[in-house]
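First the structure, in the form of structure tokens, and then the observations on it.
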Number of protein chains: 2
Amino acid sequence: MARTGDPARAVTVSALSTLDFALDRGSPVPLYYQLARQLEAAIEHGVLTPGNLLGNEVDLSVRLGLSRPTVRQAIQSLVDKGLLVRRRGVGTQVVHSQVRRPLELSSLYDDLEAAGQKPGTRVVRNEGVPAPADVAEALGVAEGGEVTVLERLRLTHGQPVALLCNYLPASLLDLDDDRLESTGLYRVMRASGITLHSARQTVGARTATREEADRLDEREGAALLTMRRTAYDDTGRPVEYGTHLYRASRYAFDFQLLVRS
Amino acid sequence: MARTGDPARAVTVSALSTLDFALDRGSPVPLYYQLARQLEAAIEHGVLTPGNLLGNEVDLSVRLGLSRPTVRQAIQSLVDKGLLVRRRGVGTQVVHSQVRRPLELSSLYDDLEAAGQKPGTRVVRNEGVPAPADVAEALGVAEGGEVTVLERLRLTHGQPVALLCNYLPASLLDLDDDRLESTGLYRVMRASGITLHSARQTVGARTATREEADRLDEREGAALLTMRRTAYDDTGRPVEYGTHLYRASRYAFDFQLLVRS
DNA sequence: AAGTGGTCTAGACCACCGG
DNA sequence: CGGTGGTCTAGACCACTTC
């Protein structure tokens, strides 16, 4: 990031002009997406460093042989990700940022795997039951109507991390114990053609009861993180309702947020 | 053209064709934004109900006297908010959804106010101190360099809800105790021209120490929600680092998430 | 085959920022 | 003032879904 001794330059000009981008018009991948990915990679690898100006859109589009709207679409997608900031009359620059993990619908399995923890799962229960009142309301089914209940114990290094209890509309999909023990619920759902769209979560805390403490290998009265979630597919239909218990001594939720402007 | 009276139609045609939108070309408000707001209002007020098809973009643009890209820009902004879903070859429809609160950089003050709780604040501490190691790292200043420390007790109905400890770079802004007691920290920062851009949060839980219990009016060993956060402005500069403690019996975090597709 | 959204072009004018 | 991004137009062709 050699801040040169040139006293007149407050902001370094980017090395973008020396970069060459490989755009393949024959590819089914959209041009704006190809460009966005390559810009992102350049930022990731430090070719474009924080504070660098990106150069104006018109020049860039001419150099790349693209129209300006297409270049804008690429840039906009990175702005939406929080990697770039645009200022009218100034230009587009790379944001300084220590961490860039996006906020996603948190899947405990994926989180643990990303942390290199090799998660394990023990399916404790997997059967059809009449829906209790809270479940019926969350899933939009009649109280007492059949739903699938799924109870799992999540482990890392052989130690319990969380107790997961999920309810799904009956006959939504086949929940094979073996598949559930080798991956996360959301992956099983996605593989069955269910596209998650949104979810509502509530995160709280409470102390462990005697029974919970036993199952999680904690002491009675230990602090637990609680999470209640309803997830919806892209038609707005509820596809999952769950209440989860996490050992606070071994797990915390980690978010990266972008402020809507 | 209009759908024939085929009774076997699964999806109702929207009332959009009977709606009239008022677009003011003289206004400084962008046309796509005017349209987006009016579509959003129509959804909000139930004029466009979940499952309704929106009608194709070309017709809509002709009817409104706008170009298709402009109409698309309006629709896209609502798709990004999770209100609409587009399917190639099918159309654009309103998403069924019980709740539509977006996830935002959670400000406790705003959250409580939105819940009609009339939050109160007692500023316990507000002074310059040498930065401890964790604060120095989070804010990107030298260890022992001066930072402003702010400790506040947040109340509703005269009862403590949370104990907030925040650190800010010294001389970032004037923190007037009176203003802090009448509103939230983020509002004070915004009013000082600081535009928040992103934040990283970690949410966990633990049991209350004797002293914490006293200050929060809880019992020793009660479950507390913990939150650690670093917030950045749009240049990527850290502007705030905080560690917060919430009474789990009186507060929980509530999120609405959209899945990136 | 017909209809939809997805992508792309080659221009245009405007609003804002800096010197 | 010149340069930047912000907005807008009027077309075009393609990919996908449904009938």
Side-chain angles (χ1 to χ4, degrees), chain A residues 7-11 13-14 16 23-37 52-80 84-94 193 195 234-235 261, chain B residues 1-4 6 8-11 13-14 16 23-37 52-80 84-94 193 195 234-235 261:
Chain A
R9 274 253 165 269
V11 178
V13 174
S14 91
L16 190 59
L23 299 173
D24 176 5
R25 293 190 107 89
S27 163
V29 179
L31 292 171
Y32 80 89
Y33 191 77
Q34 294 183 37
L35 176 55
R37 286 293 300 259
N52 273 175
L53 282 172
L54 213 61
N56 77 61
E57 298 171 350
V58 180
D59 286 356
L60 191 54
S61 63
V62 170
R63 277 223 345 268
L64 297 174
L66 296 175
S67 70
R68 187 181 164 210
T70 300
V71 172
R72 274 183 66 80
Q73 193 174 0
I75 292 176
Q76 186 60 48
S77 71
L78 298 186
V79 171
D80 291 341
L84 298 176
V85 179
R86 292 208 249 224
R87 291 170 205 272
R88 218 195 294 222
V90 178
T92 303
Q93 29 186 322
V94 180
T195 59
D234 55 8
T235 70
S261 51
Chain B
M1 200 40 200
R3 293 225 185 268
T4 63
D6 186 339
R9 275 258 159 271
V11 179
V13 174
S14 90
L16 190 59
L23 298 174
D24 177 6
R25 294 189 108 90
S27 163
V29 179
L31 291 171
Y32 80 88
Y33 190 77
Q34 294 182 37
L35 176 55
R37 287 292 301 259
N52 273 176
L53 281 172
L54 213 62
N56 77 62
E57 298 171 349
V58 180
D59 286 356
L60 190 53
S61 62
V62 170
R63 277 224 344 268
L64 298 174
L66 297 175
S67 70
R68 186 180 165 211
T70 302
V71 171
R72 275 183 65 81
Q73 193 174 0
I75 291 176
Q76 186 60 48
S77 71
L78 298 186
V79 171
D80 291 342
L84 298 177
V85 179
R86 290 208 250 225
R87 292 169 206 272
R88 219 195 289 221
V90 178
T92 303
Q93 24 185 325
V94 180
T195 60
D234 55 6
T235 69
S261 53

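First the proteins, then the strands, lettered A, B, ... as listed; each starts at 1.
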Taking it one step at a time, do Leu84(A) and Gln93(A) satisfy side-chain contact (heavy atoms from CB on, under 4.5 Å)? CA-CA 6 Å; Leu84(A) 298 176; Gln93(A) 29 186 322; over 6 Å; no
Can you list every pair that meets salt bridge (charged side-chain N to carboxylate O under 4.0 Å, His left out) and has a residue in residues 64-76 of chain A, with sequence neighbours left out? Glu57(A)-Arg68(A), Glu57(A)-Arg72(A)
Tell me whether the side-chain N/O atoms of Tyr32(A) come closer than 4.0 Å to OP1 or OP2 in dT7(C). yes
Any idea which of dC8(C), dG6(C), dT4(D) is nearest the Pro30(A) side chain? dC8(C)
Across nucleotides 10-19 of chain C, 5' to 3', mark each nucleotide with B, S or - according to how protein heavy atoms within less than 4.0 Å reach it. B-B--BBS--
Can you list the residues that meet the side-chain contact (heavy atoms from CB on, under 4.5 Å) rule with Ser67(A), with sequence neighbours excluded? Pro69(A), Thr70(A)
Asn56(A) CG to Thr92(A) OG1 distance, which is reported to the nearest 0.5 Å: 9.0 Å
When every non-hydrogen atom of Leu31(B) is compared with those of Asp24(B), the smallest separation belongs to CD2-O, 4.2 Å
Just the rounded figure in Å: distance from P of dG5(D) to CG of Leu84(A). 11 Å
In this structure, CG of Leu66(B) is separated from CG of Leu60(B) (nearest 0.5 Å) by 8.0 Å
Less than 4.0 angstrom between a side-chain N/O of Asn56(B) and OP1 or OP2 of dT4(C), yes or no? yes
Taking for each residue the nucleotide of DNA chain C with the nearest heavy atom, is it Gly91(B) or Gln73(A) whose nucleotide lies nearer the 5' end? Gly91(B)
So what does Arg87(A) touch, heavy atoms closer than 4.0 Å: a base, only the sugar-phosphate, or nothing? sugar-phosphate
